[in-house]
Amino acid sequence: MSESRNGARSSLIAVLLVGLLVFPAILPAGDAPVMRAENLGDTTLFAQPLLLAVANLDQRISTTTDAAGRARLTHQRALLLERLTRTILSRGGNGFAATHPADELQHLRDTVSSARRSGHKTAEMTAILRLNSAILDQSFSDLLTTVARDWIRFAPASDFNRAFVSFEHRTAFNQAPFGRTVQQLQAARSATLGDAEQALIDAYRDYNQRAEVYTAVAQSLFGFVKGAATSNWVFHWLGIRALIDAIDAQPWAIDINATMLPGSDSSIGQLISIGQFFAAALLFLALTGVGLILPPMLLRLLRRALPRRAQGAQGAPSESERFLRLIDQSFLAPLRLLVVLIAIGQATRILFLRESDERMLGLLDTLYVVLIVWALLRLIDNFVMLYSSTLLRRYATLRGELVNFSSTVLRFTVIVIASLYLMQSFGFDISTLLASLGIGGLAVAFAAKETIANIFGCVSIIADDMFRQGDWIVTPKGEGTVIDVGVRSTKIRTFDNAVIFLPNAYVAGIDVRNWSRRKLGRRIKFTLGLEYGSDMQQVKKTVDDIRAMLIAHPDIADSSTDTTKYTKQQWGKISDAMDGYGIKRTLLVYLDALGDSSIDILIYCFAKTIDWQGWLEVKQDVIFRCCAIVEANGLSIAFPSQTLYLRQDSGHAQDAVASDPVASNH
């Protein structure tokens, strides 16, 4: 059963991996849910469509009052900024902002000085805003090209920090006085505004929108390259850049690189050199070797470091051994695959220095999530397998069904959270999906009403403690031993070794007889028949001897039997009656009836054991002892018989007795 379940789970994981590999490949780039670029006004402020789309989303977010709509637009903005970041790195930071030559900047400075000398305050403020807009464009362009250059040469984190700090210092500008002036002008009637005032409003809006978009892009870019700073430091420490340059400087490498550069931008030689290829191959082989060798070595060192303890009963593993098995069976295989994926990711970074492959990195991120989910599912299964028996022995109130139900809920929760995360990474709007569940929830509830009823039935069975794994129960549909109480059905193994699957909703609503809810006492009841004609004094002595024998019998319960170990207080409950615990110790031996063919003695008692085989052994011993007592008192056990009286024609009665034994064992 466990092997088939593991095989099914492995097949499911394999199908999921194949689907994740195929889905990004078949999804066209244009189908990604990126916001389309729209003009913000009469003039286009940004020549780059992606920057224009960011500005458009910022404007729509600022004017949206609906919380759900705002969340959706914010999510689209985050996806667009991530795409824009990768585009900036792949293009070397060029073409995203206007470049202003030195004479143009000087002309703007002269315009500011001229307006200041003339005393025209509005014209001076307009010239200052236009000058700062040009400085902002130039600083943003310099920032992008610097970061893209540092990205290619695997710069450490300190270089990126200096670039962004320099950008912040160069673009520091106090907008407050200009904002107050513009607000005052906008409060006035538009008809009273002159050309100079309208130019000031347009210049302020232009600068403000540029500053917001550039700052957002800079923050997104900084977060991306900052996350790669660790691997950059490792590359720099390993000398990857120096290795690439050294290989590409060789004459044979120069010849090969020259033949791979036909001049087309789509040629792979434009992206990958011989030095990059060899460096990526060496790094991939090194990391893969580390991933295959290092985890088992660390596990062996951990096994030696942990204290060795004696094994438990029947060769059960010690606590340290169970912990090592949990680590080995849960994380060893996912950890090896994780190192291989990291090797692929880093080799990809080396190969595509000038091309940030969004699909490859997105696919690797998806596979990382799948590996984490796989490791968590293995951890849950192995924890239940290795620790459930210990927990059940240590905590008497803990039930196996509750452990199984909790593990199922945990597995389902992990899969749902991972699925939502992957859907969001693929570009789906999770907030819209969750909101749509409220609309389609009624239809889903009707379609899955039986499943939901079975889930609540499982909770009801566990909460009411109707039965547990291993209990012997009787239902209208069959009788047997409980195998498991699953989320949907209860499995019962019948005594002829078949399995009955009963829906939990059905089981929760029927009468269930639980024979295993006995802690002390399994009934022994039979009638001992003595022959008519027996001496009644001997019959009375036989009754007394049988009663004394049962009282002295070590395996028969009576009023003097200690029940303290069977009547422990239930957790969170109060129960004083022994019937609540399944304790019976009644002992009755009496002359019960004068039957048709015997003097009947009723023997009614309870064996201390509740095990079937043990109960049969005790019952057999009691019967043997009762027969011995009857024989010791000179009596005989009766059997069913008939006496016939025959009458002759002369009228004299002539008795003829014919005995016909009839089997009467029950």
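Across every non-hydrogen atom of Ser598 and Ala638, the tightest pair is CB-CB, 3.5 Å. For Pro476 against Tyr506, the heavy-atom pair with the smallest separation is CB-OH, 3.8 Å. The two atoms that bring Ala333 and Arg378 nearest to each other are CB-NH2, 4.4 Å, heavy atoms only. Heavy-atom minimum distance, Val618 versus Ala607: CG1-CB, 3.9 Å. Across every non-hydrogen atom of Gly478 and Ile500, the tightest pair is CA-CD1, 3.8 Å.
Open room surrounds CZ on Phe412; 12 or fewer heavy atoms of other groups in view lie less than 6.0 Å from it. Counting non-hydrogen atoms of other residues, nucleotides and ligands closer than 6.0 Å to CZ of Phe495 gives a total above 12. Surrounding CZ of Phe456 are at most 12 heavy atoms belonging to other residues, nucleotides or ligands under 6.0 Å away.
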Fill in: Candidate pair Cys626 and Met549, rule side-chain contact (heavy atoms from CB on, under 4.5 Å), full reasoning
CA-CA 8 Å; Cys626 289; Met549 179 271 296; 3.8 Å; yes

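Annotation: the span from Ile524 atom CD1 to His553 atom NE2 amounts to 8.0 Å, rounded to 0.5 Å. To the nearest 0.5 Å, the span separating CG on Asn504 from CD1 on Ile461 amounts to 4.5 Å. A distance of 9.5 Å separates CD1 in Ile637 from CD1 in Ile601, rounded to the nearest 0.5 Å. To the nearest 0.5 Å, atom CG of residue Leu410 and atom CD1 of residue Ile380 are 5.0 Å apart. Atom-to-atom distance recorded for Leu588:CG and Ile603:CD1 is 11.0 Å, nearest 0.5 angstrom. Between the SG atom in Cys605 and the NZ atom in Lys619 there is a gap of 10.0 Å [rounded to 0.5 Å].
Using modelled atom types and a 3.5 Å distance limit, the side chains of Asp496 and Thr494 yield a donor-acceptor pair. Remark: the Thr561 side chain and the Asp558 side chain contain an N/O donor-acceptor pair separated by less than 3.5 Å.
Counting heavy atoms from C-beta on, the side chains of Lys540 and Asp544 come closer than 4.5 Å. Taking 4.5 Å as the limit, some side-chain heavy atom of Asp484 sits within range of a side-chain heavy atom of Gln469. With a 4.5 Å cut-off on side-chain heavy atoms, Trp615 and Arg523 do not count as touching. The shortest distance between side-chain heavy atoms of Thr475 and Val507 does not fall below 4.5 Å.
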